[in-house]
Amino acid sequence: MAPSSEKQQQEKKKACIIDGKAIAQTIRSEITTEVKLLSQKYGMVPGLAVVLVGSRKDSQSYVNLKRKACVEVGIKSFNVDIPEQVSEAELIAKVHELNANPDVHGILVQLPLPSHIVEENVMNEISIEKDVDGLHPMNIGKLAMKGRDPLFQPCGPKACLELLSQSGISVKGKRAVVIGRSNIVGLPVSLLLLKADATVTIVHSHTPGLESIIREADIVISAAGKAHLIKGDWIKLAAAVIDVGTNAVADPRHRTGYRPVGDVDFDQVCEVAGWETPVPGGVGPMTIAMLLRNTFDGAKRKMEQ
């Protein structure tokens with residue numbers, strides 16, 4: 001259980017582990033109930049099309065998790081598997097087909113795409129009303145503007161804020177540092193923190209004095225993609241640390257020969273932080289839960305029109 005107040009947590013010696021898997025399961029249970037009610041009222045269920053191009057093992061693994069999650073909560077999964085040699089025009093035509101399908105309320109094109117396809121050209125063609133990944137320029141643009149709200153927030157960044165909220169951690173007035181500036185996590189999560197009234201600093205590979213900046217933060221969100229980058233002495237006492245990184249490190253004890261670790265040196269940071277997400281079992285399960293939430297919300301919005 002999360003502590004009832006931040007003051008209580010500061011009295012602890014070790015970080016409270018934010019159990020993303022458990023929080024995600026609670027949200028998925030809520031969505032399951034909501035999908036049933038929506039189906040009873042309108043005679044249809046939300047539909048999510050997950051488009052997989054090629055046969056990358058990591059992409060296949062991520063897509064299978066998303067498709068399985070849909071089935072578990074009652075969302076209809078439209079499985080679109082396309083050969084790697086597909087042309088950009090053919091892929092865009094498939095996106096247009098999904099845009100026109102009234103049974104599809106969300107479209108997710110699994111990234112990365114093969115090198116001969118310009119990702120931006122494909123992503124721009126997804127209907128903004130079905131952009132459940134929240135990465136369409138119109139949705140990101142609204143996220144960046146004061147007083148505007150996107151139809152969908154990007155799933156990973158939304159997961160980070162939800163983990164903080166569910167753990168009783170207030171963002172308002174806090175100093176937050178985001179490590180990484182990608183379009184998928186770093187940039188949008190900084191915008192979400194700003195909307196939540198945090199004071200936000202983004203740091204990256206060209207930022208001088210990285211450690212001293214991070215040490216000032218009440219909230220640290222790392223999406224750097226570098227194993228064990230963040231050390232214990234980089235973290236302010238009782239800070240909240242959200243680790244978005246998933247990095248493979250060699251480990252002969254594991255069946256695959258490697259194991260996933262985060263950007264954060266978990267054991268070191270656990271001695272200093274107030275809260276910390278593990279890898280795996282932190283942001284990952286919540287990201288899928290937020291995808292399901294976005295799909296449900298998009299379907300509900302469409303059915304109620």
Side-chain angles (χ1 to χ4, degrees), residues 1-12 14-35 65-66 69 72-73 75 132-134 143 149-150 152-179 184-186 188-198 200 217-223 235-236 238-246 262-264 266 269-270 272-297 300:
M1 294 293 290
S4 59
S5 72
E6 294 179 36
K7 184 176 180 181
Q8 280 181 284
Q9 182 55 43
Q10 289 175 5
E11 295 171 358
K12 289 179 176 284
K14 286 206 174 195
C16 175
I17 307 306
I18 299 175
D19 189 343
K21 190 173 181 179
I23 297 171
Q25 188 55 54
T26 298
I27 292 171
R28 284 163 69 149
S29 297
E30 293 169 356
I31 294 171
T32 301
T33 300
E34 292 169 1
V35 166
L65 286 172
K66 292 166 186 176
E72 288 177 358
V73 301
I75 291 174
V132 289
D133 237 0
L143 186 62
D149 290 310
F152 301 102
Q153 296 176 358
C155 300
K158 186 176 182 178
C160 294
L161 272 288
E162 188 68 20
L163 286 170
L164 291 169
S165 175
Q166 292 278 349
S167 301
I169 301 164
S170 173
V171 174
K172 187 174 184 177
K174 297 295 178 60
R175 180 172 293 183
V177 171
V178 176
I179 305 156
I184 295 174
V185 180
V189 81
S190 68
L191 295 172
L192 282 174
L193 287 164
L194 199 59
K195 276 190 179 291
D197 296 322
V200 183
D218 304 302
I219 297 169
V220 176
I221 298 181
S222 184
I235 299 299
K236 180 180 179 180
V241 180
I242 306 295
D243 193 349
V244 188
T246 303
D263 294 345
V264 174
F266 185 84
V269 169
C270 197
V272 185
W275 298 263
E276 185 178 5
T277 59
V279 176
V283 176
M286 277 297 289
T287 298
I288 293 178
M290 294 300 98
L291 172 64
L292 300 174
R293 168 57 65 194
N294 280 356
T295 301
F296 174 83
D297 289 346
K300 186 171 185 284

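Side chains are part of it too, since the values below use all heavy atoms of this structure and drop only hydrogens, waters and symmetry mates. Computed from a predicted model, the values in this text were never measured in an experiment.
Shown are E162, E34, R28, M286; of these, the side-chain contact (heavy atoms from CB on, under 4.5 Å) with R293 is made only by E34. Tested against K66, the residues L291, T287, T295, L292 include a single side-chain contact (heavy atoms from CB on, under 4.5 Å) partner, L291.
Within the model, atoms CD1 of I288 and CD1 of I27 stand 12.5 Å from one another, a figure rounded to the nearest 0.5 Å. Within the model, atoms CG of D297 and NZ of K300 stand 8.0 Å from one another, a figure rounded to the nearest 0.5 Å. The structure places NZ of K236 at 10.0 Å from CD1 of I219, a figure rounded to the nearest 0.5 Å. A distance of 11.5 Å separates CG in L163 from CG in D243, rounded to the nearest 0.5 Å. Residue M290 holds its CE atom at 11.0 Å from SG of C160, rounded to the nearest 0.5 Å.
Considering every non-hydrogen atom in both I31 and F296, the closest pair reads CG2-CB, 4.5 Å. Between W275 and S167 the shortest heavy-atom distance is NE1-O, 4.0 Å. Smallest separation of non-hydrogen atoms from G20 and P285: O-CB, 4.0 Å.
Counting heavy atoms from C-beta outward, P154 and L143 have side chains that approach closer than 4.5 Å. Put simply, the side chain of I235 does not reach to within 4.5 Å of the side chain of V264, judged on heavy atoms. The side-chain heavy atoms of I179 and D263, taken from C-beta on, include no pair separated by under 4.5 Å.
Applying the side chain to side chain contact (heavy atoms under 4.5 Å, CB included) criterion to T33, with sequence neighbours excluded, gives L37.
For I17, the CD1 atom sits in a packed shell: over 12 heavy atoms of surrounding residues, nucleotides or ligands are nearer than 6.0 Å.
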Would you please test V171 and D197 for side-chain contact (heavy atoms from CB on, under 4.5 Å) and show each step?
CA-CA 7 Å; V171 174; D197 296 322; over 6 Å; no
Chi angles and distances behind the side-chain contact (heavy atoms from CB on, under 4.5 Å) call for I18, I242
CA-CA 9 Å; I18 299 175; I242 306 295; 4.0 Å; yes
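Looking only at distances, a side-chain donor or acceptor of N294 sits under 3.5 Å from a matching main-chain atom of Q153. Using a distance-only test at 3.5 Å, with no hydrogens or angles considered, a donor-acceptor pair links the side chain of D218 to the main chain of R175.
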